Chemist: 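Before I ask anything, let me first share the structure, which is written out below as structure tokens.
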Amino acid sequence: MTHYFDAVVIGAGAAGLFCAAIAGQRGLKVLVIDHSEKVAEKIRISGGGRCNFTNREVTPSNFLSENPHFCRSALAGYTPQDFTALLQKHNVPFHEKHKGQLFCDRSAEDIINLLLAECAAGHVERWQPCSVKKVTDLGIKSDLNPINTGASSYQIDTDRGLIETPHLVIATGGLSIPKIGATDFGYRIAQQFGLRMVEPRAALVPLTFDGDAWLPFAQLAGLALPVQIETGSRDATPKQRKKATVFAEDLLFTHKGLSGPAVLQISSFWLTGQSLRINLAPGQDLSHALLKAKASSKKLIANELASVVPSRLADAWASTDAALQRPICDATDKALLSLAERLADWQITPNGSEGYKKAEVTAGGIDTRDLSSRTMESRQPGLYFIGEVIDVTGWLGGYNFQWAWASGFACANALVASK
Ligand code: FDA
């Protein structure tokens with residue numbers, strides 16, 4: 001027996017569940033398929049278990065994509081205020097944490113329950129765990145399609161049976177955290193139908209370092225401090241620097257390198273071989289502080305440095321240079337000015353990242369040139385992509401979930417309109 005649905009969504013994550021719920025509530029017969037036993041595992045583990053589900057301020061400039069304008073229409077069509085209104089309807093308490101980031105007061109489970117309740121309200125059917133073996137474009141309208149739209153149909157061969165549908169939505173996300181179900185399914189479907197891809201890469205991910213230059217900092221694991229961070233080298237032209245995205249956030253030293261919000265943010269922009277520029281004492285006039293200390297103090301340079309950066313970092317920094325292992329009053333002005341400059345513009349080159357095992361998202365994905373920014377339908381009629389599988393990647397701070405809601409909503413509207 002072949003099952004017929006008006007729309008089939010593959011991937012019961014944030015984007016898939018939301019899209020299915022909206023389409024179901026507007027009268028479509030919708031099926032969601034996921035190969036995992038549990039739905040929305042990424043929501044469950046997000047935001048330290050409290051899910052940073054959106055941000056008060058969301059603009060296209062908070063996203064990376066080969067086409068920075070692609071996300072504009074969907075983001076305008078479903079805003080953070082729309083999503084918070086939905087939370088209020090479900091009596092889900094939430095709070096703002098930092099820079100507009102909105103989190104659940106209780107647990108990320110609240111968001112999952114909300115999505116499942118919305119799906120139930122739309123009579124959305126769910127098959128899980130369910131593996132998709134094959135997707136075929138039948139090229140003709142399904143005999144099972146009650147409305148003669150002339151649209152072609154997809155046949156989906158699953159381990160629970162055959163399905164036919166005129167609308168196939170791919171919401172299988174990116175490659176990060178394979179142990180909770182991430183796969184390259186969406187990319188393979190794109191390849192099958194000749195759609196272009198932007199090379200995927202791990203993003204919002206800790207960066208790793210090795211070599212002699214890193215050695216003094218390798219014992220600082222656990223140390224956190226506020227920094228300003230950007231990619232690029234000291235040779236960058238003023239024009240290049242002006243264009244660079246700069247983040248002012250906390251940096252965390254780890255056993256393998258650097259993490260914390262500052263590094264996760266910049267990792268999405270970082271390309272292999274590029275260096276990072278880090279101001280380890282933002283907002284401080286280091287030259288002035290060191291020269292002033294020289295005039296009045298007999299302490300070691302490292303001890304004086306400890307008044308502007310954490311003492312473990314001051315010690316590590318002083319250990320890199322014999323000229324810094326002396327009382328500050330014995331240092332030359334030139335040496336102190338150079339020290340101030342290097343601390344305010346620490347340039348180091350990661351050797352890589354911790355990869356998809358630790359990445360919060362995947363940058364790159366389905367090339368937006370092959371998608372409609374209004375409907376998320378691809379050049380292949382009836383085939384849609386939503387959420388993280390697309391080459392649209394949000395900054396840290398709730399932007400990736402907002403993209404999941406907004407792209408899912410745009411797609412659901414298009415499904416309803418084309419029935
Ligand atoms: P998502 O990954 O949510 O869902 C994809 C679904 O497809 C999964 O259920 C998966 O099982 C299923 N699937 C995959 N392959 C399949 C196949 N072959 N067959 C069938 N089903 C398949 N973002 C944010 O805005 N705020 C935050 O606080 C966080 N925090 C966070 C923490 C951690 C640890 C991670 C890893 C990620 C975040 N994120 C985040 C990012 C956010 O989780 C992510 O961008 C969204 O979940 C993407 O939603 P999607 O629905 O596109 O994919």
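Keep in mind the model is a prediction, meaning the values are calculated, not measured. All ligand and atom numbering here is 1-based and tracks the order in the structure.
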Chemist: Report the residues that fulfil side chain to side chain donor-acceptor pair (under 3.5 Å) with D184, sequence neighbours left out, ordered by chain and then residue number.
Modeler: R188

Chemist: Distance from W395 atom CH2 to Q265 atom CD, nearest 0.5 Å?
Modeler: 7.0 Å

Chemist: Using a cut-off of 6.0 Å, state whether more than 12 heavy atoms not belonging to E96 lie near its atom CD.
Modeler: yes

Chemist: Listing by chain and number, which residues have a heavy atom under 4.0 Å from ligand 1?
Modeler: I10, G11, A12, G13, A14, A15, D34, H35, S36, K42, I45, S46, G47, N52, A171, T172, G173, I177, G181, T183, F185, A359, E360, V361, G387, E388, G398, Y399, N400, F401

Chemist: Could you tell me which residues satisfy side chain to side chain donor-acceptor pair (under 3.5 Å) with E125, sequence neighbours excluded, listed by chain and number?
Modeler: W127

Chemist: Test of understanding: with side chain to side chain donor-acceptor pair (under 3.5 Å), list the residues that count as partners of T254, not counting sequence neighbours.
Modeler: none

Chemist: Quick check: does any side chain N or O of S131 sit under 3.5 Å from a backbone N or O of H35, one acting as donor and the other as acceptor?
Modeler: no

